[in-house]
Amino acid sequence: MQRPSTARGAAGSGAVLLLVLVCVAVLPGASGGGGKMALGGEARGVARYCNKGANVEAAPPPSRTPAPPAAGSPAQFRGQARLPRFAAPRRYELRLRPDLVACTFTGAAAVSVAVSAPTRFLVLNAADLTVDRASIRFRDLGPKEVVFFPDDEILVLGFANNLPLGEGVLSMKFNGTLNDQMRGFYRSKYHYKGQMKNMAVTQFESVDARRCFPCWDEPAFKAKFKLTLEVPPGMVALSNMPIANQTATGPIKTISYQESPLMSTYLVAIVVGLLEYIEGVTPEGTRVRVYTQVGKSNHGKFALDVGVKSLHLYKDYFGTPYPLPKLDMVAIPDFAAGAMENYGLVTYREVALLFDEESSAESSKQNIAITVAHELAHQWFGNLVTMEWWTHLWLNEGFATWVSHLAVDSFFPQWNIWTQFLDATTAGLKLDSLEESHPIEVEIHHANEVDEIFDAISYDKGASVIRMLQNYLGAERFQKALASYIQKFAYSNAKTEDLWAVLEEKSGEPIKNLMNTWTKQQGYPVVNAKLNGNYLELEQAQFLSDGSPGPGMWIVPVTAGCGSYDMQKKFLLKGKSDRLDIRDIASQCGNQEKGGNFWIKLNINQTGFYRVQYDDKLAAALQTALQSKKLSLMDKIGIVEDSHALSMACKQTLTTLLRLLYAYREEADYSVLSHINTVSLSVAKISVDATPGLVGDIKQLLIKLLLPPAVKLGWDPKNSENHLDALLRPVLLVALVKLGHDKTINEGIRRFGIFVHDRNTSLLPPDTRKAAYLAAMQNVTTSYRSAYNDLLKVYRESDEAEEKGRVLSTLCHCKDKNIVLESLNLLFTDEVRSQDAYYVLQGLGVETRETTWLWLKGNWDRITKKYGGTQQGGFIRYVLTLFASNEKAAEFSRFFATRKNPEFERTLKQSLENVRINARWIQGIRSEPRLAQTVQELLRRP
């Protein structure tokens with residue numbers, strides 16, 4: 001995946017509703033014969049009713065430490081990371097009826113439950129549902145106690161006696177709301193023939209199936225699912241499996257679906273709305289469809305082609321056929337993640353699935369290919385074989401990220417996608433250099449912690465260590481072992497150690513010992529390299545961006561090349577230090593005293609997840625090799641990214657980094673220049689605070705570096721250019737605008753003016769629009785806001801999600817604080833979908849950061865109400881990291897000290913750490929004696 005009502009007490013049946021430690025609200029006016037129990041939000045807000053009714057124990061005040069639960073009490077299940085194992089579901093029969101006008105739904109569940117140990121309880125998950133208490137039955141027995149614990153999102157059913165061992169059916173009825181939170185069972189809005197319509201959509205990963213139906217909502221509780229939907233006749237209704245039969249009676253169409261294979265609750269999916277589709281078929285005969293809003297299905301052709309090819313490729317790679325009879329991919333207007341791999345019914349944001357030749361940028365085509373390949377890889381790695389618990393999330397996301405690049409490289413070799421994979425490695429390295437990072441295998445103690453680990457560690461570091469392992473084992477050996485793993489654990493669950501065991505068995509290598517150092521501890525090493533005669537002396541230490549020493553130690557697969565890529569040295573650095581005899585490859589190196597072809601590069605093609613710091617002699621030789629075009633594209637990227645990280649950690653000077661950047665002045669490759677661009681903008685940003693008197697010259701130096709390839713490409717696409725040229729053009733133009741290059745800004749303003757009056761002009765195709773939009777925003781003020789108004793008009797008149805996102809990402813790129821505030825306040829209107837808030841936040845700049853922080857503080861309660869915990873993390877990250885002082889970090893800490901939420905706790909800590917790292921970097925830069933002289937020297941060079 002790239003996250004109420006009120007209750008009645010039962011009376012007539014003689015059962016007792018027991019409320020222990022938490023308050024399940026009891027509504028006035030309850031009649032005999034049972035009642036309804038609210039599971040979630042509003043139950044907490046009606047505690048005034050908790051002292052009404054017989055045999056009801058009220059909860060203690062929230063601030064009081066609860067007494068230990070009595071033996072045999074429902075409260076014994078509180079505060080547990082996972083559900084008890086004495087009962088497990090085997091099969092769900094679900095019937096759901098969504099009301100797309102009232103935005104509610106009703107449901108009924110009949111779950112075959114296997115009781116495997118003596119117990120009188122059934123414990124399952126539920127949240128934001130109202131359960132009809134009188135309808136609850138297990139083996140025709142009504143429960144004696146029905147207790148909901150909101151903080152744990154569990155429903156405890158207590159029966160009078162121990163339950164019989166073996167299988168029985170648990171049945172109940174329930175209802176809920178199609179919420180606006182983009183999780184659980186929710187509504188998405190779209191326009192159809194000029195009218196606003198509602199679509200019913202599910203998003204259950206990670207822990208939100210419980211918001212649609214009571215269930216054992218953990219990956220290890222795999223079961224079969226038999227779904228029935230009741231929908232209006234004109235609606236398309238989709239689920240994981242094909243339709244088994246359907247009937248229409250009056251205003252309701254009843255659709256029953258085939259029973260699913262064993263799968264986890266987070267993979268169950270439903271979509272109901274007005275949709276159309278295009279379809280294709282794999283060589284194996286599997287039907288693949290792309291569903292869209294009416295009128296957009298042609299935009300799904302590219303994704304459909306990638307989908308069909310991906311299923312075919314993965315069948316061979318994993319040695320197992322696609323497990324289901326069909327695959328549907330659906331574009332959803334409101335969608336929190338990029339996409340979700342639901343078994344047989346994959347859901348996407350529109351921008352992640354739909355490509356329009358007329359209005360989509362070239363980068364969108366690549367993003368769609370990667371996203372589709374990623375989600376379809378999950379049909380094997382995640383759906384067929386599922387992680388046993390969220391600690392092993394990386395088995396899903398790391399592998400899907402890695403293998404999606406393998407697939408796309410097979411389909412589009414001209415895209416050079418493995419070089420672009422270093423974007424993922426860089427993201428993983430950056431996050432994992434924080435004290436507040438986490439291991440790949442991270443302990444999860446509560447459901448509300450899960451969403452925060454869908455991050456660059458689980459995805460990007462996970463994918464990068466897989467690439468490292470594949471490089472160590474070799475591609476063929478690795479693929480065969482993976483296929484064996486998939487076959488062994490099909491339709492079941494696996495842990496990380498299960499994968500290592502299979503790889504070890506098939507390869508004969510000590511995989512577990514090697515990989516445990518990379519998955520069970522956070523961080524990674526920097527390998528310090530020093531040449532001493534015929535030996536390369538190596539020493540590892542944990543790399544942290546704050547410059548502090550870390551305790552980590554890794555088994556590092558070291559690769560080394562000397563003067564050439566023809567002969568390489570490979571070995572494992574198992575201890576703190578070692579030395580590498582390079583005599584067998586020294587013939588390639590040239591004479592190190594006389595220069596020539598001499599250079600040594602560690603971590604060839606950046607296959608290892610670590611950084612390298614060279615001594616001065618080795619670093620100088622590498623820079624010479626770089627300027628002589630002796631290094632691979634991947635190694636060019638690795639050298640500059642390592643240098644940037646070392647500079648941030650004050651292990652190397654900014655002066656040294658700028659000299660290295662200048663060595664790339666003749667670079668033309670997209671991937672390399674993309675990284676140069678990112679590093680350059682980072683340097684420009686930190687210079688604002690570190691060297692305000694020098695920032696103008698530093699920006700001019702960076703412009704000097706990026707301008708030649710931008711001039712070569714120009715604004716207008718050429719018939720002879722390739723995919724990578726089309727990707728590079730907007731990267732360079734946007735950077736030049738942000739760095740303040742007057743000629744680029746003026747040309748962007750000119751083209752934008754033409755575009756405003758002629759949206760079909762060839763002068764501003766989708767690839768270059770963002771640069772022009774940013775240029776137009778440069779001169780916007782409260783009193784001169786015509787360009788801002790024009791952009792808002794473009795936004796409001798477009799029905800393309802990609803174009804809307806493009807506009808939103810530029811609205812805060814302005815020095816006028818009132819315009820920035822106006823743009824931020826759009827986030828509280830219906831004009832901006834909740835999923836798109838991050839576009840606006842991406843555009844924030846340091847010039848108006850104090851205004852932005854005051855806005856965040858003043859509107860925190862509104863942000864909390866509309867965007868909830870996980871999305872709030874984005875607000876925190878984008879705003880706080882605009883700053884770079886310890887004083888500000890302390891101010892942020894004080895503000896959030898009384899506003900804690902486990903859903904964004906990790907993001908907050910990481911953001912504060914980044915602020916402090918930048919503050920330290922600033923102090924280091926200010927102490928550099930030759931920085932200004934070096935900048936002037938480089939500016940004078942031809």
Would Asn198 and Ser188 satisfy side-chain hydrogen bond (donor to acceptor under 3.5 Å, both in side chains), going step by step from the backbone distance to the final call?
CA-CA 6 Å; Asn198 292 319; Ser188 176; over 6 Å; no
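- Thr907 and Glu452 are linked by a side-chain donor-acceptor pair at a separation below 3.5 angstrom, with hydrogens and angles left out of the test.
- Taking the six-membered ring wherever Trp is involved, the centroid distance between the rings of Tyr485 and Phe381 falls below 6.0 Å.
- Leu178 places none of its side-chain heavy atoms less than 4.5 Å from the side chain of Thr104.
- The shortest distance between side-chain heavy atoms of Leu122 and Leu170 falls below 4.5 Å.
- For the pair Glu218 and Arg85, the salt-bridge criterion is met [side-chain N within less than 4.0 Å of a carboxylate O].
- A distance of 5.5 Å separates NE2 in His378 from CG in Asn396, rounded to the nearest 0.5 Å.
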Carefully, step by step, assess Arg183 and Gln181 under the rule side-chain hydrogen bond (donor to acceptor under 3.5 Å, both in side chains).
CA-CA 5 Å; Arg183 65 176 185 171; Gln181 300 169 15; 3.2 Å; yes
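- Using a cut-off of 4.0 Å between Lys/Arg side-chain N and Asp/Glu carboxylate O, Lys495 and Glu441 are scored as not salt-bridged.
- Comment: Glu93 engages Arg91 in a salt bridge, judged by a side-chain N to carboxylate O separation of less than 4.0 angstrom.
- At a threshold of 4.5 Å between non-hydrogen side-chain atoms, the residues Asp217 and Asp208 do not count as touching.
- Between Phe225 and Phe213, the ring planes are perpendicular. Angles over 60° get that label, and only those under 30° would be called parallel.
- Aromatic pair Phe204/Tyr266: ring centres not closer than 6.0 Å.
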Open item on the list: Show, in sequence, the C-alpha distance, side-chain angles and deciding distance for Phe138 and Val113, and conclude whether the side chain to side chain contact (heavy atoms under 4.5 Å, CB included) test is met.
Closed with: CA-CA 9 Å; Phe138 182 67; Val113 180; 4.0 Å; yes
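- Side-chain contact, His446 with Asp151: no donor N or O sits under 3.5 Å from an acceptor N or O.
- Separating the CG atom in Leu345 from the OH atom in Tyr257 is a distance of 9.0 Å, to the nearest 0.5 Å.
- Between Phe105 and Phe185, the distance from one ring center to the other falls under 6.0 angstrom.
- Checking Thr177 against Asp128 by side-chain atom types alone, no donor-acceptor pair falls below 3.5 Å.
- Aromatic rings from Phe149 and Phe77 are positioned such that their centres are separated by 6.0 Å or more.
- The heavy-atom pair separating Ala427 from Ala456 by the smallest distance is O-CB, 3.8 Å.
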Does Ser834 form a side-chain hydrogen bond (donor to acceptor under 3.5 Å, both in side chains) with Gln871? I'd like the steps, not just the answer. CA-CA 9 Å; Ser834 296; Gln871 274 196 286; 5.0 Å; no
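- Proximity of Leu229 to Ile270: side-chain heavy atoms (C-beta onward) are separated by under 4.5 Å at one or more points.
- Of the charged side-chain nitrogens involved, at least one lies within less than 4.0 Å of a carboxylate oxygen, so that Asp180 and Arg187 count as a salt-bridged pair.
- Side-chain contact annotation: Glu802 with Ser360, donor-acceptor N/O pair under 3.5 Å present.
- With respect to the salt-bridge test (charged N to carboxylate O, under 4.0 angstrom), the residues Glu153 and Arg210 qualify.
- You'll find the side chain of Val351 stays beyond 4.5 Å of the side chain of Phe335, heavy atoms only.
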- Query: Checking side chain to side chain contact (heavy atoms under 4.5 Å, CB included) for the pair Val408/Gln366: CA distance, chi angles, key distance, verdict?
  - Reply: CA-CA 9 Å; Val408 171; Gln366 181 172 298; 5.7 Å; no
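- Ion pairing between Asp328 and Lys326 holds under the 4.0 Å rule for side-chain N and carboxylate O.
- Residue Leu827 comes nearest to Tyr867 through the heavy atom pair O-OH, 2.7 Å, listed as atom of the first residue, atom of the second, then distance.
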For this session: Please report the C-alpha distance between Asn367 and Ser364 in whole Å, then the side-chain angles of each, then the deciding distance to 0.1 Å, and finally whether the side-chain hydrogen bond (donor to acceptor under 3.5 Å, both in side chains) criterion is met.
Result: CA-CA 5 Å; Asn367 291 338; Ser364 294; 5.3 Å; no
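- Counting all heavy atoms, side chain and backbone alike, Ala407 lies closest to Ala373 at CB-CB, 4.1 Å.
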task = Could you walk me through whether Glu276 and Tyr291 pass side chain to side chain contact (heavy atoms under 4.5 Å, CB included), step by step?
result = CA-CA 6 Å; Glu276 64 181 26; Tyr291 283 87; over 6 Å; no
- prompt: Can Glu350 and Lys296 be said to form a salt bridge (charged side-chain N to carboxylate O under 4.0 Å, His left out), step by step?
  reply: CA-CA 10 Å; Glu350 290 190 330; Lys296 292 188 176 183; 3.5 Å; yes
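- More than 12 heavy atoms of other residues, nucleotides or ligands shown are found within 6.0 angstrom of NZ on Lys866.
- One finds no salt bridge joining Lys461 and Glu397 here, because no Lys/Arg side-chain nitrogen approaches an Asp/Glu carboxylate oxygen to under 4.0 Å.
- With a 4.5 Å cut-off on side-chain heavy atoms, Val385 and Ser492 do not count as touching.
- Applying the 6.0 Å contact sphere to NZ of Lys253 captures more than 12 heavy atoms from other residues, nucleotides or ligands.
- Residues Thr228 and Ile255 fail the side-chain proximity criterion, which asks for heavy atoms closer than 4.5 Å.
- Between Tyr348 and Met329 there is a side-chain heavy-atom pair separated by less than 4.5 Å.
- The backbone N or O of Gly382 sits less than 3.5 Å from a side-chain atom of Thr386, completing a donor-acceptor pair.
- Thr401 and Asp460 share no side-chain donor-acceptor pair at under 3.5 Å.
- In this structure, a donor-acceptor pair under 3.5 Å is present between the side chains of Thr496 and His392.
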Pairs under 3.5 angstrom only: tabulate donor-acceptor contacts from the side chains of residues 301-311 to other protein residues two or more places apart or in another chain.
residue, atom, partner, partner atom, Å
Asp305, OD2, Lys309, NZ, 3.2
Ser310, OG, Val306, O, 2.8

